[in-house]
Amino acid sequence: MSISLQQKFSDPTRGVYFVGTTPPRDNTEPEKVTDIADKLLARLRQIDYDGLIVYDIQDESSRTSKPRPFPYMQTLDPREYSSLLRTRSNHPIITYKSVAQRDRADFERWLEESRSQYDVQDMVLVGSPSSDGDIQLSLPKAYEALQQHPLDFHLGGVTIAERHASKGNEHLRLLAKAEQGCQFFISQAVYNAQATIDLLSSYARECRSRGVAPQRIILTFTPCGSAKTLEFMQWLGISVPDATRWRILDAANPLAESIRVCRSNLEQILESVADLGIPLGLNIESLTNRKDEIDASIRLFKLLKATLDLKLAEQQL
């Protein structure tokens, strides 16, 4: 399955399409975990997706002094949930792993277990949410350990357009991560089209100046149906322009309006970067467990996939 996913990633003429999800709480009974997985996969039968992304949820309170809008809950080991979803869906799963809590020896054992017990092939490593706290292993050191490890993984990284807007060097981080083994990147949720356009444009220009091919970038989108969800998005560091915020909250149907915003943002991005040679993909997620937002994420997936597929088809003319 990993080989198939890598083949899809390597073809710049096609999009790749994912659904993001989080593991259930760690105290969930095994039968209930299976039931949750089956309900998710039942929803996904109506869409054509390439795989799922399972996040490693961390307590990010060290990143900001603002209170978390939704309480942090410890979740099941992402590898365990990934293995279950892979078995029951027969789709590849990209598994996130936060590396800061383990030293190198522990991380290397984690890699061994991930392959032998959970058959993890595709993964994204993430570092500490802030420089505060006890960081056992930095992200560059984790990349180094992985490069020196005998097992071969299909490795991806995270990219944050908001970081580019504030520091102006996210495109250089992408190139550095590619040199450290990353073969694709997944963005933070997009609600600021211009920030993403600026990042992708800088990345394409730098790749061109260095004579290297851009790696595939998977853009994440999420529906937003309430002020509480919007507050959570902003707590996570997602940039939401004021005009966009009020457009959603003042709408008669905020959830439907957020879907229109996401489609408009994707169209703006594609119009600006379509000729830059960056292979793109989509990841659609729901940031809450509210049924209306989960259902809306399926509608959003259909709409955005059709939008990207159409643009890719036009480029073949």
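The chain is numbered in sequence order, starting from 1.
In this structure, a donor-acceptor pair under 3.5 Å is present between the side chains of Gln148 and Arg104.
Here the side chain of Ser83 pairs no donor or acceptor atom with the backbone of Arg79 at under 3.5 angstrom. A donor-acceptor pair under 3.5 Å links the side-chain atoms of Ser258 to the main chain of Leu255, judged by distance alone. For the pair Arg216 (side chain) and Phe9 (backbone), a donor-acceptor distance under 3.5 Å is present. Proximity of a side-chain donor or acceptor of Thr222 to a complementary backbone N or O of Glu285 within less than 3.5 Å is detected. A distance-only check finds no donor-acceptor pair linking the side chain of Asp50 to the backbone of Phe18 [under 3.5 Å].
Among residues two or more places apart in sequence or in another chain, the side-chain contact (heavy atoms from CB on, under 4.5 Å) test is passed with Glu162 by Ile160, Gln188, Ile238, Ser239. For Ser202, the side-chain contact (heavy atoms from CB on, under 4.5 Å) partners two or more places apart in sequence, or in a different chain, are His164, His171. Shown here are the side-chain hydrogen bond (donor to acceptor under 3.5 Å, both in side chains) partners of Ser187, two or more places apart in sequence or in another chain: there are none. With sequence neighbours left out, Tyr49 forms a ring-ring contact (aromatic ring centres under 6.0 Å, His included) with His91. Applying the ring-ring contact (aromatic ring centres under 6.0 Å, His included) test to Tyr96 and every residue at least two apart in sequence or in another chain returns Tyr55.
A salt bridge links Asp106 with Arg109; the closest basic N to acidic carboxylate O contact falls under 4.0 Å. In summary, Asp295 and Arg299 do not engage in a salt bridge, as defined by a charged side-chain N under 4.0 Å from a carboxylate O. Using a 4.0 Å cut-off between a side-chain N of Lys or Arg and a carboxylate O of Asp or Glu, Glu267 and Lys311 do not qualify as a salt bridge.
With rounding to the nearest 0.5 angstrom, the CD atom of Glu170 is 12.5 Å from the CG atom of Asp198.
Evaluation of the ring pair (Phe, Tyr, Trp, His ring centres under 6.0 Å) test over residues 185-221, restricted to residues two or more places apart or in two chains, returns none.
Glu29 CD: 12 or fewer foreign heavy atoms inside a 6.0 Å radius. Atom CG of Asp250 sits in a crowded spot, with more than 12 heavy atoms from other residues, nucleotides or ligands closer than 6.0 Å.
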Handout entry: Verdict with reasoning, Gln183 to His154, per side chain to side chain contact (heavy atoms under 4.5 Å, CB included)
Key = CA-CA 7 Å; Gln183 297 173 268; His154 183 213; 3.3 Å; yes
